[in-house]
Amino acid sequence: MTLVADLFDNTYVLQGVLVAVALVILSSFSRDLAHGLPYKNIPVVGRGNWEISNKKAKNRFMNSARELIMQGFEQGRTMFQVMFSFAPVIILHPKYLNEIKSHPDLSFMEANKKAFFAGYPGFDAFSGTQEDRVVIIDMINKKLTQSLGPLAIPLSRETSDMLKKSLGEPKDWECHSFAEELPYMVARISSFIFMGDKICRDEAWINVSVNYVIDAFIAARDLRLWPSILQPLVHWFLPRAKAMRKHIRVARQIINEELETRAKLGEKDADRRRDTLDWMRDINEKQPLDIPRAQIGLSLAAIHTTSNLVTNVLYDLAAYPEYIQPLRDEIKAIMEEDGVLKKTSLTKMKMMDSVLKESQRMNPVSMSKSSPPLHVFHDDILTNAASLHRLASKDIRLSDGLTIPKGANMVVSAHTMTEESVYPEANSYDGFRFYKIRQEPGQENKHQLVMASKDHLGFGYGVHACPGRFFASNEIKIILTHLLMKYDFKFAEEGRSRPKSFELGTEIVCDHRVKLLFKARKPEIDLSCLGETSQ
Ligand code: HEM
């Protein structure tokens, strides 16, 4: 101690230390500044030549991303950059989709890691390794998707229980903030399939499952406001980052307890329905996997995305109620034919499939891997108006000679989803658009909800196209089947039109403030075919 005190007594040493600290801070600021500079030789859209800071350009993009992207293409460009809140981002024309969709040097994971402070305590769900990701995707593809047949009735029963609890059986119209309530409902049904009936009824887990992602978005947004040199310190004090650390602790405790209970039961547990906790272990015998972290990752991917699509569908059906009876008739006909709900019954619901795909086309869910409520957004993470958010790990030379520089963030514009040449009357809702196309010879299967294509990027495209879409499609169809059979619904506000989604940067978020009225109705089918037992 005396030595240190002596050193600081020496003016030269003190001055040296101060200069060193100043240099470190300065170099951090200049790194941050460089990070915000546009990429060389790539045209910038939405930023004036004489604007020194990015502030105005960022605001411009926040308020009119769609227009700026179209402006870029109208200027004849196929690649340009715009200013997102955290960095310049390269926008690519969809004509490049085929060459970039599975490009090994365009990383999906690194893009998310960079945007979400991977490695910081609490940001665990963004910190997994490539090996972890492979386990999760294998588990979804090889186990979850393969089990959709036997899962149809359990999913339906859980949906029924959940709706009784959440919406009840009101004889008169009852008002719900549906968009706010739905993530909790979806979290319960999904968690039932992911981790069984004990955890799915655990309020503490449901809270983590719904709110981790919301806190993550806000924490990341708040942290980005700080210079990078201070971020490793500041995150400890940010309320939302603290909340994330708490979510992680809660999740670890709940899931580890469940794993211990199962381990103790051993063979006695053999009759239990297998779920993602078992499957992750089966797939992953060789390497250790942080299972609680992986489960939070699943929730992150599954809950708000699914809720957002269901909300959009209900808004569309409430705005265009003429679709409701044909959908009910379709369910009735299929259930009469099948006797009991099967995976194939859901595949046969072509009108419902079409209604879902059309809602997703017009209001694609946010792939920030989730679509938390509006107040969470700033611009943040990408897609919708744009899709396929990636980070280039090398310089990538495109077929026409243009280059995406190493380290750049990029997205592909998703404007094809509302382009007249692809979808006639693209800006009008046509619930049976895809149903009608599927009636044409040779088009029967290409236009299903789960088919990712260049013209419909709702589930992404290429190597990272959403592996959970088959599960999501079944889950959503089951939820809708129960809602349509058991409830009448309409907007609380008499005669209102379809609520417009909010556009913030490239995010499209459904209006969570809209209220819906629900009233119980007599279903036209015997509910035992949905797995319900009469009480
Ligand atoms: C309507 C519901 C859903 C929508 C709209 C949706 C959408 C998406 C999108 C757009 C992507 C990114 C694709 C890309 O960038 O190319 C994605 C990836 C992913 N989704 Fe979904 N998703 C949904 C439900 C689910 C569910 C239920 C699960 C889990 C069971 C899931 C698991 C994943 C995973 C693990 C990835 C990452 C894929 C990778 O790393 O390659 N998603 N999803």
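For this chain, numbers begin at 1 and follow the sequence in order. Note that ligands are numbered from 1 as they come in the structure, with each ligand's atoms numbered from 1 the same way.
If you look at I137 next to ligand 1, the close heavy atoms, those under 4.0 Å, all belong to the side chain. Residue H389 does not touch ligand 1, judged by heavy-atom distances below 4.0 Å.
The closest approach between a heavy atom of R469 and any atom of ligand 1 is not below 4.0 Å.
When only modelled atom types and interatomic distance are considered, Y320 and D430 share no side-chain donor-acceptor pair under 3.5 Å. Under the 3.5 Å distance criterion, with hydrogens and angles disregarded, no donor-acceptor pair is assigned to the side chains of T416 and D455.
For the side chain to side chain donor-acceptor pair (under 3.5 Å) with D353, the lone residue among K477, H447, K348 that qualifies is K477.
The N/O atoms of T306, backbone and side chain alike, include none that comes under 3.5 Å of an N/O atom in ligand 1.
Short contacts between ligand 1 and R133, defined as distances under 4.0 Å to a heavy atom of the residue, involve ligand atoms 39 (C), 40 (O), 41 (O). Heavy-atom proximity to Y461, at under 4.0 Å, picks out these atoms of ligand 1: 16 (O).
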Intermediate values then yes/no, salt bridge (charged side-chain N to carboxylate O under 4.0 Å, His left out), K114 and E110:
CA-CA 6 Å; K114 183 174 162 191; E110 291 309 317; over 6 Å; no
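Among A465, A302, P467, G458, the residue whose heavy atom lies nearest to atom 36 (C) of ligand 1 is P467. Between atom 2 (C) of ligand 1 and the options N141, I303, V310, T305, the minimum heavy-atom separation is to T305. Atom 16 (O) of ligand 1 has its nearest heavy-atom neighbour, among Q360, Q130, R390, E475, in R390.
The ring of F217 has its center closer than 6.0 angstrom to the ring center of F116. Side-chain rings of F73 and F80 approach one another, their centers coming within less than 6.0 Å.
A cation-pi contact, defined as under 6.0 Å to the ring centre and within 45° of the axis, is absent between R438 and F432.
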